[in-house]
Amino acid sequence: MKKIRTRFAPSPTGYMHIGNLRTALYAYLFAKSQHGDFILRIEDTDRARYVPDAVEFIERTLAAAKIIPDEGPHHGGNFAPYVQSERMELYKKYAEELVEKGYAYRCFCVNHEEENNSDDKKFGGYNRHCRNLSDAEIKENLAQGKPYVIRQKMPLTGETTFFDVLHGNITIANSELEDQVLLKSDGMPTYNFANVIDDHLMEISHIIRGTEFITSTPKHVLLYQFFGWELPTFIHLAPVMGKAEDGTISKLSKRHGATSFNDLVEMGYLPEVITNYVALLGWNPKTNQEIFSMEELIEKFSLDGLSKSPAVFDYNKLDWMSGEYFKAMTDEEFARAADKFFGELNENLSAKKVYLSSLLKTRVTKFSEIPAMIKFLMEMPPFDAELFINKRNKVNLEKSAEIIEPAIKILEGVENWTLETLNEKISAYIENSGLKTGTIMWPLRIALSGQKVTPGGTVEILYLLGRETSLKRLSTALKDIQAAVKAS
RNA sequence: GGCGCUAUCGUCAAGUGGUUAAGACACCGCCCUUUCACGGCGGGUUCGUGGGUUCAAAUCCCGCUAGCGUCACCA
């Protein structure tokens, strides 16, 4: 059987949209699941759109997502070069061949704005002015050095049908096809031409790309036929959509928030979470498994799990999945992965980073939530009397003062400031007081954190803060509470 | 507008003529609980619409509607 070869062919824009990433992923997964090759090819035939270092950017992003090309600009391979601008001469040769065979023609029209923008799109855009120029006219134009493009000569009648794995047979009337440009006046091929030549030359067996190419596929198919080349298998993927606040759904874009792989990484999602989530956006394994390593994805992937309808990117589910990954990590792994999101920590907290991670990893959905969550450890929020009043735990201001005062005494006597000791002392205090656990814990935790919601309870915070800071915060709070009681 | 693609809970989705129409996220409730989480239990909500075909339709066919795509010397 022929070797399975797929490719990812982005244009170098310096931006990796989630939709593109998913296309690359599926192409990669399919190739790897079939023990085939995955090729990275850069489609940079538009000189105006050139972005410096974009190729490196794409390669870095794929590497971060663990999508590893077998062949590519910097990966080598038997079909090099893998950058289209470096293959220019090649396309020219094939274009000329088409002209000779009568399947293409030279067009000397320069910017026919009027025709191209007319509402009467009978000819699909271009009015085919040069389609039937006489040899003499062509010769003369050439002699004058007039610039020209080479256009594909579409059949005027009949229809073209191609098979798509997801959509079945798709038929489009040839009359719908315009005489598209194959070779631009600067000698560069257009996407629609280079793509066909390269896919054939690079022996691509399966073309996996977005639905936006369905309509242009018949033109490509015709090209394959003109050359007498074997057709690859087509798989057109449904787009990734986004849901705006007003509920409208459209192709995922900036107005939906982060839309690139890198945006997501910067927000603090693990690369493997992004790949895992994106893999499931439009593909299902036919089992209830949702957490997949790249190895499992490769093992389980199959084309018939692909869905042909658009999928909406759901940040909720991404968050959930991210949380699942965090919970599965050891404290050390979490601490390491989250490192740059901790920000500037003081000496005490730096030393307790791993412990802090154990508290954080079940409470955070992405790393970027960390700073806000741990800020109170570095800096005590302003006093807020209201926080000490809690009905459920039966505490008010007076009660809080009554609870905090003895607690300070007890804690002052603690030499060995460890979780175990602190837990023992506080538990003993609760038992002796005859009060409910919550009644004691609530005011202490508020006094220590100044926050209603904290990562961890009283004992954890005492330990995190350390002896000195804890005692200082408690007595400050006590004073503030007493003042507040007096004032009321 | 022409052409093309798509249509099952709010979202991801299973489902391929006979099912109580899975599961997950989100949401709501309850339990656990020293906050918040974690964990456990339970709940509601879905086949766009109108016609067929059939004993039987979410599944097959046709129309309609809606969404998306495409109509470049962009990819």
Side-chain angles (χ1 to χ4, degrees), chain A residues 9-13 43-46 48-49 107 109-111 116-117 119-122 124-126 147-151 164 166-167 170-173 175-178 180-192 194-195 209-218 236 238-239 241 243 247-251 277 280-284 286-290 305 307-321 323 327 359-364 373 390 392-393 423 426-427 430 436-442 444-446 449 451-461:
Chain A
S11 59
T13 57
E43 312 231 332
D44 62 343
T45 53
D46 185 0
R49 281 220 210 166
C107 169
C109 299
V110 225
N111 262 345
N116 290 349
N117 293 332
D119 291 331
D120 178 22
K121 295 256 171 89
K122 252 195 179 144
Y126 171 62
Y148 65 88
V149 300
I150 292 180
R151 285 184 186 272
D164 181 285
L166 254 48
H167 303 280
I170 294 177
T171 301
I172 291 182
S175 57
E176 291 293 324
L177 310 176
E178 70 158 319
Q180 64 174 348
V181 172
L182 264 19
L183 210 66
K184 309 181 206 178
S185 53
D186 66 0
M188 280 285 193
T190 57
Y191 162 80
N192 287 308
N195 151 269
R209 79 228 304 189
T211 40
E212 64 269 31
F213 294 111
I214 283 188
T215 340
S216 46
T217 303
H236 287 97
M241 314 294 280
K243 191 177 194 171
T248 53
I249 289 175
S250 54
K251 206 166 173 179
Y277 175 69
L280 261 27
L281 244 199
W283 173 74
N284 87 81
K286 311 268 169 146
T287 63
N288 284 335
Q289 185 180 351
E290 302 210 73
S307 76
K308 49 185 174 175
S309 45
V312 176
F313 192 95
D314 182 3
Y315 290 94
N316 269 328
K317 185 131 190 184
L318 211 216
D319 283 347
W320 164 78
M321 190 175 279
K327 277 174 258 171
L359 296 175
L360 252 20
K361 72 178 187 183
T362 56
R363 282 162 240 260
V364 142
M373 201 158 275
N390 184 279
R392 188 176 163 215
N393 288 308
N423 206 9
I426 298 283
S427 299
I430 292 169
K436 273 187 60 181
T437 308
T439 310
I440 303 272
M441 293 296 201
W442 181 272
L444 289 177
R445 195 175 56 84
I446 300 294
S449 69
Q451 281 180 188
K452 196 170 174 181
V453 176
T454 51
T458 304
V459 173
E460 287 81 8
I461 295 170

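Only heavy atoms go into these numbers, but all of them, side chains included; no hydrogens, no water, no symmetry mates. In what follows, every chain begins at residue 1, and chains take the letters A, B, ... in the order their sequences are listed.
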Trainee: Within the 4.0 Å heavy-atom criterion, would you say A/S307 contacts the bases, only the backbone, or no part of the nucleic acid?
Mentor: sugar-phosphate
Trainee: Within the structure, does a side-chain N or O atom of A/H236 lie under 4.0 Å from either OP1 or OP2 of B/C5?
Mentor: no
Trainee: What pairs with A/T454 under side chain to side chain donor-acceptor pair (under 3.5 Å), at least two apart in sequence or on another chain?
Mentor: A/R445
Trainee: Restricting to ring pair (Phe, Tyr, Trp, His ring centres under 6.0 Å), what partner residues turn up for A/Y277, sequence neighbours left out?
Mentor: A/F313
Trainee: Taking all non-hydrogen atoms of both residues, which atom of A/T362 and which atom of A/K327 are closest, and how far apart?
Mentor: CG2-CG, 3.9 Å
Trainee: Can you identify which nucleotide, out of B/U70, B/C73, B/A7, has its nearest atom closest to the A/S309 side chain?
Mentor: B/A7
Trainee: Pick the P atom in B/G10 and in B/U49, then give their distance to the nearest Å.
Mentor: 13 Å
Trainee: Counting side-chain heavy atoms from C-beta on, which of B/C74, B/C36, B/U6 comes nearest to A/H167?
Mentor: B/U6
Trainee: Hey, which of these two, A/V459 or A/S11, hits RNA chain B nearer its 5' end, going by closest nucleotide?
Mentor: A/V459
Trainee: Would you please name every residue forming a salt bridge (Lys or Arg N to Asp or Glu O under 4.0 Å) with A/D46, sequence neighbours left out?
Mentor: A/R49
Trainee: State whether the distance check finds a donor on one side and an acceptor on the other, under 3.5 Å, for side chain A/R445 versus base B/U35.
Mentor: yes
Trainee: With sequence neighbours left out, write down each residue that passes salt bridge (Lys or Arg N to Asp or Glu O under 4.0 Å) with A/E290, or none if nothing qualifies.
Mentor: A/K317
Trainee: Tell me which nucleotide, if any, is Watson-Crick or G-U wobble paired with B/U6 when both distances must be under 3.5 Å.
Mentor: B/A66
Trainee: B/G15 and B/C30: how far apart are their P atoms, nearest whole angstrom?
Mentor: 37 Å
Trainee: Looking only at the side chain of A/N192 (C-beta and beyond, no hydrogens), which of the listed nucleotides B/A37, B/A75, B/C38 gets closest?
Mentor: B/A75
Trainee: Under 4.0 Å between any heavy atoms, over every strand shown, what does A/G210 touch: base, sugar-phosphate, or nothing? Just pick one.
Mentor: nothing
Trainee: Measure from the side chain of A/V453, starting at C-beta and using heavy atoms only, and say which of B/C36, B/C5, B/A75 lies closest.
Mentor: B/C36
Trainee: Between A/S11 and A/Y191, is any pair of side-chain heavy atoms under 4.5 Å apart?
Mentor: no
Trainee: Determine the Euclidean distance between corresponding C1' atoms of B/G42 and B/C36; express it in Å to zero decimal places.
Mentor: 23 Å
Trainee: Can you find a side chain N or O atom of A/R151 that sits less than 4.0 Å from OP1 or OP2 on B/C73?
Mentor: yes
Trainee: For B/C71, what is the paired nucleotide under Watson-Crick or G-U wobble rules, both distances under 3.5 Å?
Mentor: B/G1
Trainee: Tell me whether the side-chain N/O atoms of A/K286 come closer than 4.0 Å to OP1 or OP2 in B/A13.
Mentor: no
Trainee: Among B/U34, B/C73, B/G69, which nucleotide sits nearest the side chain of A/T437?
Mentor: B/U34
Trainee: Do any side-chain nitrogens or oxygens of A/N284 fall under 4.0 Å of OP1 or OP2 in B/A14?
Mentor: yes
Trainee: Residues two or more places apart in sequence or in another chain: which of them pass side chain to side chain donor-acceptor pair (under 3.5 Å) with A/N284?
Mentor: none
Trainee: For A/W442, what residues pass the ring pair (Phe, Tyr, Trp, His ring centres under 6.0 Å) criterion, not counting sequence neighbours?
Mentor: none
Trainee: Listed by chain and number, what are the salt bridge (Lys or Arg N to Asp or Glu O under 4.0 Å) partners of A/K251, not counting sequence neighbours?
Mentor: none
Trainee: Considering only the P atoms, how many Å lie between B/A14 and B/C9, rounded to the nearest integer?
Mentor: 12 Å
Trainee: At under 4.0 Å between heavy atoms, what does A/T287 touch on the DNA or RNA strands: base, sugar-phosphate, or nothing?
Mentor: nothing
Trainee: Using a heavy-atom cut-off of under 4.0 Å over every strand shown, decide if A/V149 touches base, sugar-phosphate, or nothing.
Mentor: base
Trainee: Any idea which of B/C74, B/A72, B/U34 is nearest the A/R49 side chain?
Mentor: B/C74
Trainee: Just call it for A/F213: base, sugar-phosphate, or nothing, with non-hydrogen atoms closer than 4.0 Å on any strand.
Mentor: base
Trainee: Where the side chain of A/T362 is concerned, which of B/C5, B/A37, B/C73 is the nearest nucleotide?
Mentor: B/A37
Trainee: Under 4.0 angstrom, heavy atoms only, what part of the nucleic acid is A/T45 near: base, sugar-phosphate, or nothing?
Mentor: sugar-phosphate
Trainee: Once you apply a heavy-atom cut-off of 4.0 Å, does A/K243 come out as touching a base, just sugar-phosphate, or nothing?
Mentor: sugar-phosphate
Trainee: Looking at A/S185 and B/C73, is any side-chain donor or acceptor paired with a base atom of the opposite kind under 3.5 Å?
Mentor: yes
Trainee: Using a cut-off of 4.0 Å between protein heavy atoms and nucleotide atoms, how would you tag nucleotides 23-32 of chain B 5' to 3' with B, S and -?
Mentor: SBSS------
Trainee: Strictly under 4.0 angstrom, non-hydrogen atoms only: write out the protein contact profile of nucleotides 57-68 of chain B, one letter per nucleotide from the 5' end, B, S or -.
Mentor: -----------S
Trainee: Would you indicate what A/D44 reaches in the nucleic acid, counting non-hydrogen atoms under 4.0 angstrom: base, sugar-phosphate, or nothing?
Mentor: nothing
Trainee: Quiz question: going by heavy-atom distance under 3.5 Å, is there a donor-acceptor pair between the base of B/U35 and the side chain of A/T454?
Mentor: yes
